[in-house]
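All ligand and atom numbering here is 1-based and tracks the order in the structure.
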Amino acid sequence: MNRLIISLLLCSSSLTIAFPLIPLPTSVEPKDGSFALNGKWEIVTAGTSDFLKDHLSSRIKKLLPHVPETTLQSHGTIKLSINPQADASYAYTLTVAPENIVLDARDEAGAFYGIQTLLQLIQPNAQAIPACVIRDAPRFGWRGLMLDSSRHIQSIEEIKLFLDQMAHYKFNVFHWHLTDDQGWRIEIKSRPKLTEIGAWRVHREGIWWSRPGPEPDEKASYGGFYTQEQIKEIIAYAALRHITIVPEIDIPGHAMAILAAYPELSTTGGPFQVNPGSQFYGTIENTLDPSNPETFVFINDVLSEVAKLFPNEYIHMGGDECPKNFWANDADCQELMKREGHKDPHELQSWFIKRIEKIIQANGKKLIGWDEILQGGLAETATVMSWQGKAGGIAAAKMGRHVIMSPSPAYYLDLYQGHPEIEPATYGMARLKDTYLFDPTLPADMDSNLLLGIQGNIWTEEIPTFRHAQYMTWPRAFAIAEEAWSQRSAEKDWPAFVKRVEAHFARFDAMNWNYSHSIYDPAITLSADKQSVVITPEIDGLQIHYTFDDTEPDATYPICQGPLPIPKGASHLRTSSYRDGKPIGRTTLITLANIEKEKRTP
Ligand code: ACM
């Protein structure tokens, strides 16, 4: 059977159940028999690191806690081997037979990915793995997730867990958003005030952008930062999992934590306090002052330490959402613009970014920025990360520049994934199906090699805990992992994808990892004439029971079929999703007056 046919089968048939892999491999060839998961095996290596062997064995123990560990009556081997002569079109070939399992990889990274596939073939508490031959290779070189550690910081252990989860789904770039208006998170030895002052804000909870601001003498006690030693530990942890870390130092906007520490680098002089999530845009923001030579001394101090710390080839310098009104209103900036012949502040921003490009290059790295770095003219060597849809990425590719697609809303993992009334407060909307069906590619007439890859972004304004970060990330990151890794040999198959997603829910349960069940909640909207409610399940095979009478619907309540006229006087709608007679997901409660409102706005 050729590759295309097998991948196609895997999408759309019962093979999905036998091999519920995410991301989908290039090909899966089922064979007769199965490899018994009875603990009587020995893991042997040929050319791979001890880490791989330990990693496989410790993860198997987590998945199969009931299986006794013994090699006494070993019935077969699990052989991990690196074979540089292996077929170069595959990262690894995994052969599962009744007597043994052989993983043949091109290199250590290929072996690591093959191990993730093997682990995914082990269903929690399963008795056997079905025999098969799996051949696999990645589609994109950049398979990223971004985590915002500024708006809310995560512990070192949480970052490691995040990396473990990324690795299991074959992501290989951790874009670490380390600085923003609400906190500076990386130790810079030459600029200690960044972490003495910029890393701390007053403690507030509640809806982001509506929180009370700091009192004049209130102690800033919420926040923290990562020491350079801790960052080295994380870099090493990621490297073992074949993940490179791209640090982001967001300038010249999103810089209020810098300016709280060094107000003299602003256009107005301060003083500033780190913002705890209170009202912001257009009121208490500011930006680095490009007319002040000290700004560039500061940036060089910071970026030279960042460049020494992180071994990868890129530094992300942000560049997004700079409030340029501060430049337009500043006499020194106006003077600079006149001197340099800039016709508007966009050109001043471009001039600023080109200076940053030189600093980054002088420190041996390459510049990446968000798509606003196109404004006023793109720096010659810049890579563009497209977040405002795909337009910025396409514009950059037209200039022959490298591009990473991480567009909002499809790849913004901080957005609602179900009805705003039910979900924790945030904004926008990206349901799993939106993320899954999104096509991140460049138009067909463009050079596809300019698209380095894709990335999902987890902004943490509304994500105060790591447990909630997991809820927001998964399952949508499954869809991004698959788009990033799997060859596009077949049409997307949403129902088959959902089956695999549900198999991974069981895996997450076994690992006590959090995720969202929102696929079981229906989308709830009003009909065009506003007289009826339209209930649309996200996945097939659910029965949605409902009531307008404010009681808890169970399987005895009516099943929704078609638009539901709103009874006179009704104020609430409740729904409960069932499958095969069993409740699944949660009961939803919608205030009819709020059906079309975003909960976040107070
Ligand atoms: C962004 O979302 N401001 C990159």
Peer 1: Just to confirm my output: which protein heavy-atom neighbour is closest to atom 3 (N) of ligand 1, and how far is it?
Peer 2: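 It is D320 OD2, 2.7 Å.
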
Peer 1: Is the distance from the ring center of Y471 to that of Y515 below 6.0 Å?
Peer 2: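 Ring centres of Y515 and Y471 not closer than 6.0 Å.
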
Peer 1: Would you say the rings of W208 and H152 are close, in the sense that their centroids are separated by under 6.0 Å?
Peer 2: yes

Peer 1: Give the atom numbers and elements of ligand 1 that come within less than 4.0 Å of a heavy atom of W387.
Peer 2: 1 (C), 2 (O), 3 (N), 4 (C)

Peer 1: Which class fits the ring pair Y436 and F497: parallel under 30°, tilted 30 to 60°, perpendicular over 60°?
Peer 2: parallel

Peer 1: Of all the non-hydrogen atoms in the protein, which one sits nearest to atom 2 (O) of ligand 1, and at what distance?
Peer 2: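 Atom 2 (O) of ligand 1 sits closest to the protein heavy atom Y412 OH, 2.6 Å.
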
Peer 1: Determine whether the aromatic ring centres of residues F171 and W485 are separated by less than 6.0 angstrom.
Peer 2: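 No - the distance between ring centres of W485 and F171 does not fall below the 6.0 Å cut-off.
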
Peer 1: Do E321 and ligand 1 have an N or O pair less than 3.5 Å apart?
Peer 2: yes

